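Starting from 1, each residue takes its place in the sequence as its number. Since we're looking at a predicted model, the values are computed, not measured. Atom set for the values below is all heavy atoms of this structure, side chains included, hydrogens, waters and symmetry mates excluded.
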Amino acid sequence: MLRTIIDAFKVPELRNKILFTLGILALYRFGAYVPVPGIPFNEFANAFAQSGVSMAMLDLFTGGALSHFSVFSLGIMPYITASIIMQLMQGVIPAVGRWAKEGESGRKKITQVTRFMTLGLGLINAIGYLFLFKSSAYGVVFSSELPEIVTDIVVVFTLVAGTAFIMWMGELITQRGIGNGMSLIIFTSIISRVPSAIFSSVNLQSDMGMGIVVTILIVLVVLLCIPAIIFVERAQRRIPVNYAKRVQGRRMMGGQTTYIPLKVNAAGVIPIIFASCLIYFPAQLAALFNIGWLTAAADAMSSGWINWILTLVLVVFFAYFYTSMVFNPEETSDNLRRQGGFIPGVRPGSATTDYIKRVINRVTLPGGLFIALIAVVPSILFYFTGNQLIQAFGGTSILIMIGVALDTMSKIESQLKMHNYDGFFK
């Protein structure tokens, strides 16, 4: 692996992309510590430390930006929420569904609507956080010589501008760097919390020696789980395909055998990201309206058996939903028929389509259940132990980090192969 990284830096184009990506991520981490104007830092930090589980999880996905009430406090959540809405709208609103099939022009329309929706959701969240932190629960008083209404407008504008800036940075990474920008930003936010979680885990026990032992055991369990997660992420169900021989001009075409690769977890980390956003959306509503029962409901959905059941159901649902969005059995069957291909023992046409659908449904279920269990089990352990390292190294965090890392490594590998270098996956 070290040799592969060295080879990657030998290619000027790839080296520039990697350095550009690292520079943008470093800028993102810097912004997570730049507070909004007028925030009393120490008083706010003490008040935030007393907040519930839901706010702690929102803080995890912002990389600690929310606990500092920085310019990036809203994180990438408004964009992810807007993306979920647009994905659902493709199956509900025919016009949006047609955009998705129009190629590049359609994708540009969807991206533009997603951007405006992100700013709208960011504005709602910014106002909600402002009212929440000024309420009696936190009692934050912004120090400014300006009138209170002007200070509030400046704070809201700063938070929305921070969300727009994060969205812009993510798109820059996707276009000019390596990997998916939004996923890498979430990856950076989660992994940045690991050092402080390790320190907290060591000091959680009254005996520091016991704290060190517990921390090492947790890290070892995580390391043992990583190969199993990678195995499922790379696993495929291969449907054999034969091509009939045919004469085209003076050449004999076809006659070879290949396969259709169907990944066990075709949706990747998308189901866990979408499920997490929906589960913690009530926490964002609680921040907006600051209603007691809504805050209690948000905390209940953020931990305990309600959270576990919701996570399990939503992850499996989004695994099926996103797989159906990215893989079209009718189109695959049609392409096979036009190219003279067929699945042995299956008639071309509707029978092939039905067969591919059945295989996808059977393959997606174990993949969805696996990532759902990986997400739920650490949450159960955290609920009973209160160890923040389990929270930072929870199933959701591990799946996102491994999924994003594998996706980024695959993109680096494809770039290396273009320059005759071996990749990560030899």
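- In plain terms, the two heavy atoms of Gly122 and Leu74 that are nearest each other are O-CD1, 3.3 Å.
- Closest heavy-atom contact between Ile360 and Pro329: CD1-CG, 4.0 Å.
- The nearest pair of heavy atoms linking Leu172 to Phe20 is O-CE2, 3.7 Å.
- Between Phe321 and Phe318, the two ring planes are perpendicular [angle over 60°; tilted spans 30° to 60°].
- In this structure, the separation between CZ on Phe72 and CG on Leu27 is 6.0 Å, given to the nearest 0.5 Å.
- By the 6.0 Å contact criterion, CZ on Arg176 is open, its count of non-hydrogen atoms from other residues, nucleotides or ligands being 12 or less.
- For the atom pair CG of Asn265 and CD1 of Ile371, the computed distance is 4.5 Å after rounding to the nearest 0.5 Å.
- Taking all atoms of both residues into account, the shortest heavy-atom contact from Leu25 to Leu184 is CD2-O, 4.0 Å.
- By the side-chain hydrogen bond (donor to acceptor under 3.5 Å, both in side chains) test, Gln112 pairs with Arg115, sequence neighbours left out.
- Between the Ser183 side chain and the Gly179 main chain, no donor and acceptor come within less than 3.5 Å of each other.
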Yes or no on side chain to side chain contact (heavy atoms under 4.5 Å, CB included) for Asn361 and Tyr320, after CA distance, side-chain angles and deciding distance?
CA-CA 8 Å; Asn361 290 335; Tyr320 274 101; 3.7 Å; yes

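- By the ring-ring contact (aromatic ring centres under 6.0 Å, His included) test, Phe30 is found to be paired with no residue, residues two or more places apart in sequence or in another chain being considered.
- Using a distance-only test at 3.5 Å, with no hydrogens or angles considered, no donor-acceptor pair links the side chain of Tyr28 to the main chain of Ile166.
- The OG1 atom of Thr408 lies 8.0 Å from the CG atom of Asn180; values are rounded to the nearest 0.5 Å.
- Scored by the side chain to side chain contact (heavy atoms under 4.5 Å, CB included) test, Ser73 finds Leu66, Phe69, Ser70, Leu159 as partners (sequence neighbours excluded).
- Comment: Glu330 engages Lys357 in a salt bridge, judged by a side-chain N to carboxylate O separation of less than 4.0 angstrom.
- Side-chain N or O atoms of Thr114 include none that pairs as donor or acceptor with a backbone N or O of Ala82 at under 3.5 Å.
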Tell me, with the steps shown, if Met167 and Met182 meet side chain to side chain contact (heavy atoms under 4.5 Å, CB included).
CA-CA 8 Å; Met167 180 172 59; Met182 302 304 174; 4.1 Å; yes

Could you go through Arg238 and Leu262, starting from their C-alpha distance and side-chain angles, then the distance that decides it, and tell me whether this counts as side chain to side chain contact (heavy atoms under 4.5 Å, CB included)?
CA-CA 6 Å; Arg238 297 178 175 181; Leu262 299 178; over 6 Å; no

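- In this structure, CG in Leu336 is found 6.0 Å from CD1 in Ile343, a value given to the nearest 0.5 Å.
- Taking each heavy atom of Val316 and Ala372 in turn, the nearest pair found is CG2-CB, 4.5 Å.
- Summarising the geometry, atom CD belonging to Glu13 is positioned 11.0 Å from atom CD1 belonging to Ile18; distances are rounded to the nearest 0.5 Å.
- Here the CZ atom belonging to Arg98 is positioned 9.5 Å from the NZ atom belonging to Lys109, to the nearest 0.5 angstrom.
- No side-chain donor from either of Thr352 and Ser333 sits under 3.5 Å from a side-chain acceptor of the other.
- Across all non-hydrogen atoms, the minimal contact from Thr21 to Gly177 is OG1-CA, 3.3 Å.
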Could you go through the side chain to side chain contact (heavy atoms under 4.5 Å, CB included) check for Trp99 and Ile110 one step at a time?
CA-CA 7 Å; Trp99 289 353; Ile110 293 175; 4.0 Å; yes

